[in-house]
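One structure is given below, encoded as structure tokens.
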Amino acid sequence: SVLFSIDQLSHRYADDTIALKSLSLTIKQGKKIALLGNNGAGKSTLFLHLNGILQPTSGKIYFKGKEVAYNRKALLSLRRQVGIVFQDPDSQLFSASVIQDISFGPKNLGLSNEKVLERVEWAMEQTETAVLKDKPTHFLSLGQKKRVAIAGVLAMDPEVIILDEPTAGLDAYYSKQIMNVLNIIQKQQKTIILSTHDVNLAYEWADEVVVMHDGEVLCHSDPVTVFQQE
Ligand code: ADP
Ligand code: ADP
């Protein structure tokens, strides 16, 4: 079934940069989707629209058939279902310890302490971060920070997980570790959307590849079809 339907979405930033140009895209439930495109193609801007951080300059976004609305209540509900892992983990890790950081989201959902702990332990297990739980986040390596940021989003148990360049800056070993985490998450029937510059990763991992350039979608298909065209 269709999860996101994006209809002629345009975004113009305050300095008049046009980051998205009448972009239309359909995202189906349960798929692994890779967004490819050079720096400035509009990938991050698109992601910020998918959980309502940015509002369209024009065009519409539908989530599960309902038009995304920008009031507090609607946004809270959207953000519970659509989790984002930002490219720079320092922008989302701010607690004194790893376990506090991972607990922050589920605590905010108003779950019982028992339920929060259950979610957090599960998320730490999926991301192999349990051994780090008492460490202050600012002492972690980039690869560890990225896994903790993913754990924090997982602990919210969203239906959709968006990751902005999850393997950027990581060597092959740590990239593989992140991809293993994503493969485990995929088994929970979640929809995963990530951006990457890594063509091999997109080819091997994704069910669907979306190539963006200059605020537009150049092509959207299965990896074999997309890479045959290049
Ligand atoms: P990437 O292409 O690796 O995703 P960018 O260099 O495009 O990263 O952007 C990094 C950060 O800087 C993002 O948060 C983006 O929103 C912001 N940014 C990019 N370009 C501008 C700009 N012209 N003015 C202000 N902020 C920008
Ligand atoms: P990508 O993630 O594909 O690198 P972005 O969505 O970060 O692309 O950027 C798309 C365009 O929007 C770029 O020209 C970038 O410089 C610009 N941009 C991104 N964030 C901002 C911002 N906060 N203010 C102004 N321009 C921005």
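First listed ligand is number 1; within each ligand, the first listed atom is number 1.
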Across all chains, not counting sequence neighbours, the side chain to side chain contact (heavy atoms under 4.5 Å, CB included) partners of Phe4 are Ile27, Leu50, Ile61, Phe63, Val82, Val160

Which residue pairs satisfy the side-chain hydrogen bond (donor to acceptor under 3.5 Å, both in side chains) criterion with at least one member in residues 51-66, sequence neighbours excluded? Lys64-Gln81, Lys64-Glu159

Mark up the atoms of ligand 2 that fall under 4.0 Å of a heavy atom belonging to Thr17, in ascending order. 12 (O), 14 (O), 17 (C), 26 (N)

In ligand 2, the atoms that come under 4.0 Å of a heavy atom of Asn39 are 4 (O)

Counting only N and O atoms by type, is there a donor-acceptor contact under 3.5 Å from the side chain of Ser24 to the main-chain atoms of Gln8? yes

Could you tell me whether a side-chain N or O of Arg79 sits under 3.5 Å from a main-chain N or O of Gly52, the two making a donor and an acceptor? yes

Hey, is Thr45 touching ligand 2 through its side chain, its backbone, both or neither, going by heavy atoms under 4.0 Å? both

Counting only heavy atoms, which portion of Asn38 has something under 4.0 Å from ligand 2: side chain, backbone, both, or neither? backbone

Partner of Lys107 under side chain to side chain contact (heavy atoms under 4.5 Å, CB included), picked from Val120, Val116, Ile102, is Val116

Can we say Asp90 and Lys145 salt-bridge, meaning some charged N sits less than 4.0 Å from an Asp/Glu carboxylate O? yes

Just going by heavy-atom distances, which of Gly40, Gly215, Ser44, Ser195 is nearest to atom 2 (O) of ligand 2? Ser44

Pick from Ala41, Ala14, Ala19: the one approaching atom 12 (O) of ligand 2 most closely through a non-hydrogen atom: Ala19

Tell me whether ligand 2 is touched by Gly42 - counting only heavy atoms on the residue side and a distance under 4.0 Å. yes

